[in-house]
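Report on the following structure.
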Amino acid sequence: MDIFGVPIQALMGQLMLGIVNGSFYAVLSLGLAIIFGVLKIVNFAHGAFFMLGAFTAFLLAQHLGANYWTTLLVAPLAVALFGMLFEWLFLRRLYGLDPIYGLLLTFSLVLVLEGGFRVAFGSSGQPFATPEALRGTLNLGFMILPMYRGFVIVAALLVCLVTWFVIERTSLGANLRAATERAELTQAFGINVPRLVTLTYGVGVGLAAFAGVLAAPIFHVNPSMGSSLVIIIFAVVVIGGLGSIMGAIVTGLGLGVVEGFTRVFYSEFSSTIVFLVMVLVLLLRPAGLFGREEG
Amino acid sequence: MPAKIPFKTFALSSMVLAMGAASGAMASNGFSDDVVRIGVLTDMSGIYTDLSGEAAVEAVRMAVEDFGGEVGGVPIDVIYGDHRNRADTGASRAREWYDSDGVDMINDLSNSGVALAVAAVAEERQRHAIVNSSSNIGLTNDYCSPYVTHYTYDAHSLAHGTGKSIVEDGGDTWFFLTVDFAFGIGLEEQVSEVVREAGGQVVGAARHPLDTTDFSSYALQAQASGAEIIGIASTGADAINAINALAEFGVTPGQRPAALLLWYDDIVSLGLETAQGLMLTNAFYWDANDETREFSERFYERTGRMPNMAHAGNYSSTMHYLNAVEAAGTDDPDAVSEQMRELEINDFFASGGYIRPNGRMVHDQYLWEVKSPDESEYDYDFLRLLTTIPGEEAFQPLENSTCHLLDNDQ
């Protein structure tokens, strides 16, 4: 059976791959959405933290002989710490100023990090082995899915759901949401808002680094691996609705699928389709698909 | 009491000084700005940094030093710039260099889009450009000029190296994964031509943007095409990601990837485990003979990496340009152009190399195969020579060129 001349099997395959890519978009845009929601900072360095996660994992494996599962845990934590330090030293000074300052600062961090890694490791990238246990492929009937890609979907969705749960259903999340809405009032209740903010930035950055480690065996670790993603991630967050957690997750997955299908029908357009969707959404629902109109 | 300088002595000294100055000007007569300035326009920050970049600048510097640092009594100066893989940036930098910075020759020019744009500027400003790192054969066809030299390799040599030998080996249905700009499209066209000429068939192609990280859906399309050969018409990080994706998705039995432009650096990056068995057409390999080893070891000491064919081409072409300037006794572009086409190129890079009227430097190309990890005996021992492709076969026959400098009726 064909749909517009494309066998349904090929479409199913692309759907699956779209979900894999969508999982990356979801984890990355989730982090970006949390950071924007709480800090009101447009974190342009999100792609660089993604790259930093992958490189940290690569260095851990290369120099300390760490296995994949250790790097999956340690690298995001290390990058999150670095992110928190960055927030504490630099970003903190920009709260309350025009968002353009935050954007410029984080963008400069991108240039420094990417430039530094390019000088140290070159632009072609470094190989990163797929963990032993996840080598091989699964025959899904309609396609051969590398096991590791299947793992990416599961791991990414799990992390997304846990993050969503913590923010929406726990007291820590409640504090966080309160700090987002009324920072001073929350502070008056004895909650250390600046610490909460630093922690939030750390979590957002850690999510990016986690996605980076997940991506390392698939995409080859190279300094510009984040910059090609970050623009799409921004579009995902805008489409989902700025600051909306569920919006970021669902839109990330959805756009991955849309992009996958575009690759089948008109490949040249695949890097543009996300932005076309963004324009349409902004015209029809300026607050994004899941965003609330602010009065 | 201070001695009084007699007027006569003073006058004489002034005359001598004036004569000295005049003789200096005479020595540099024929040299614009009293300097021969070479601009290396390359990718310093993007996807092609590894295959050209800083090491390309270093190769040109090495050539200048080995030449002695001056030619015809004037110093040789090397500057460099980043084209950021954008044709407009490259063209405007070239214009600025030629117009206000006194640049006589621009070298390297990675990225075909940039190279074509700079070639147009070079023709307009009547200054030299030597293309080493990019492949589009438009440079010696519609965009040819007396001032533009295409030195190291081109899409035709790649197609007639890797492409042809794979077709001869029985791979006659092809599907292309092509990077969507002048380089990839030009390469796909050239290889398709070779495939069709040999009675093979091109069953389809997927075009992807420059700097694509995820090739999985292209890998699926390639599998679904049923083609025997998946031709990868991209290079650097794109080709690496494509090869990885094809390996990851386990190309269906009977299918195999063919990387149409692999650089030495790409193999370093892929690792022998993944890259083993791939074929590549390269004009130079560091470990080919004593001469190449001598150059490569010196290069390694300065840059910490082994040279690829573009780096070697940057060195050799700079040397050739300087030899031509010396022979012409001037940096006048027309005189230099004439000498460049007159002089033969014999060095570690090319033997009996010569430049055709359309700017194509003709020299032998080599088809290599990547060794397996077991076969590799020492550091950077990556390639085995399969065959030598004589220059006349590797490059487009002159009668097929659409270059306006030729009398071809095309």
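- Considering A:Leu255, A:Ile233, A:Ile239 as possible partners of A:Ser29, the one that fulfils the side-chain contact (heavy atoms from CB on, under 4.5 Å) test is A:Ile233.
- At a 4.5 Å heavy-atom cutoff, the contact between B:Ile240 and chain A is made by side-chain atoms alone.
- Interface remark: B:Phe215 contributes no atoms to any contact with chain A (heavy atom separation under 4.5 Å).
- Per-residue heavy-atom pair counts under 4.5 Å with chain B were compared for A:Arg149, A:Glu259, A:Glu114, and the maximum is reached by A:Arg149.
- Residue contact with chain B, scored on non-hydrogen atoms closer than 4.5 Å, involves the side chain of A:Arg118 exclusively.
- Under the 3.5 Å distance criterion, with hydrogens and angles disregarded, no donor-acceptor pair is assigned to the side chains of B:Ser52 and B:Ser133.
- Classified by interplanar angle (parallel below 30°, tilted 30° to 60°, perpendicular above 60°), the ring pair A:Phe121/A:Phe58 is perpendicular.
- Relative orientation of the A:Phe117 and A:Phe55 rings is tilted, given thresholds of 30° and 60° on the angle between their planes.
- Only the side chain of B:Asn244 comes within contact range of chain A, judged by heavy atoms closer than 4.5 Å.
- For B:Asp214, the parts lying under 4.5 angstrom from a heavy atom of chain A are both the backbone and the side chain.
- Using a 4.0 Å cut-off between charged side-chain N and carboxylate O, B:Glu301 and B:Arg298 make no salt bridge.
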